[in-house]
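Below: one structure, written as structure tokens.
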Amino acid sequence: MSEKAVLTLEDNTVISGKSFGHFTSAAGEVVFNTGMVGYPEALTDPSYRGQILVLTYPLAGNYGVPKMELDEFGLPRGFESKKIQVAGLIVAEHSKDYGHHQAERSLASWLEDEGIPALFDVDTRALTKRLREKGSMLGKIENNEHQIDFVDPNTLDLASSVCVSETVRYNEGSLSDNSKRKRILLLDCGCKANIIRSLLKRGMEIIQVPHDHYFLNL
């Protein structure tokens, strides 16, 4: 039986739900995603760092979570980064069973392993309507064991938590061998893996640097 928990918004709206994933509390900015599929990509998207993500599609978890594998470029396949970036997850219905041949584990176990709390049995359409009308709001997922304060991720240095820690080079080669290859300097403030992959497949050379890189070091 799932433990009860609540989502509290900064306008004092309190929404009850049932806990899955990691049984803890989390605070952040509440936003929504209207995609019908792609929760592995959405949850690992660095642009959602520090946010509580609401999925409007009524069912989540039915195709599980694939194994974390790297492609020929060393980028995660099927994910936008190598870990979950959201602070929390809100869904209407959570499927404990999954049925995809590439799935390695359930959505709940993935969230549990990475310490991310989630709620289901929530009217996500009504919640999304409120967010559409009032704009993104601060919120917090809480249970009786873990009471916390609101946290505004916009006051935090999010870029430093999602960017690379050192320079990474892709498709690197001598100019004599790659005279026609275009070189791109990528200032990483939370770049999705698929952006890099798309550029590499077009033959680009990429130099990915941290958001605070000192450019005279290139």
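As a basis for the values below, the full set of heavy atoms in this structure was taken, side chains included, without hydrogen atoms, waters or symmetry mates.
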Between H22 and L111, does the side-chain contact (heavy atoms from CB on, under 4.5 Å) criterion hold? Intermediate values first, please. CA-CA 6 Å; H22 191 62; L111 293 166; 5.9 Å; no
Do you reckon [X] sits in the same ILVMFWY cluster as [Y], going by side-chain contacts under 4.5 Å, direct or chained?
| X | Y | result |
| --- | --- | --- |
| I207 | V164 | no |
| V91 | V31 | yes |
| Y98 | L55 | no |
| L185 | I196 | no |
| M204 | L187 | no |

Tell me whether D113 is salt-bridged to R105, with the criterion being a basic N under 4.0 Å from an acidic carboxylate O. yes
Passes side-chain contact (heavy atoms from CB on, under 4.5 Å), R130 versus D11? Steps please. CA-CA 11 Å; R130 176 174 289 273; D11 66 354; 3.0 Å; yes
Over all heavy atoms of both residues, which pair between [X] and [Y] is shortest? Give the atoms and the distance, please.
| X | Y | result |
| --- | --- | --- |
| P117 | A87 | CD-O, 3.5 Å |
| T56 | T34 | OG1-CA, 3.1 Å |
| L119 | L7 | CD1-N, 3.8 Å |
| P76 | R197 | O-NH2, 2.6 Å |
| C189 | V162 | O-CG2, 3.7 Å |
| H211 | D157 | NE2-OD1, 4.0 Å |

One pair to check against side chain to side chain donor-acceptor pair (under 3.5 Å): T155 and D152. What are the steps and the verdict? CA-CA 6 Å; T155 64; D152 185 355; 5.2 Å; no
Check whether the ring centres of Y57 and Y39 lie less than 6.0 Å apart, and answer yes or no.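 They do not qualify: ring centres at least 6.0 Å apart.
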Ring centres of F79 and W110 under 6.0 Å apart? yes
Stepwise side-chain contact (heavy atoms from CB on, under 4.5 Å) test for E29 and N154: CA-CA 8 Å; E29 184 180 38; N154 298 298; 3.7 Å; yes
H94 vs F20 aromatic rings, parallel, tilted or perpendicular, using cut-offs 30° and 60°? parallel
Around N144, counting heavy atoms of other residues, nucleotides and ligands shown, do more than 12 lie under 6.0 Å from its CG? no
Among V6, L89, I90, which residue satisfies the side chain to side chain contact (heavy atoms under 4.5 Å, CB included) criterion with I141? I90
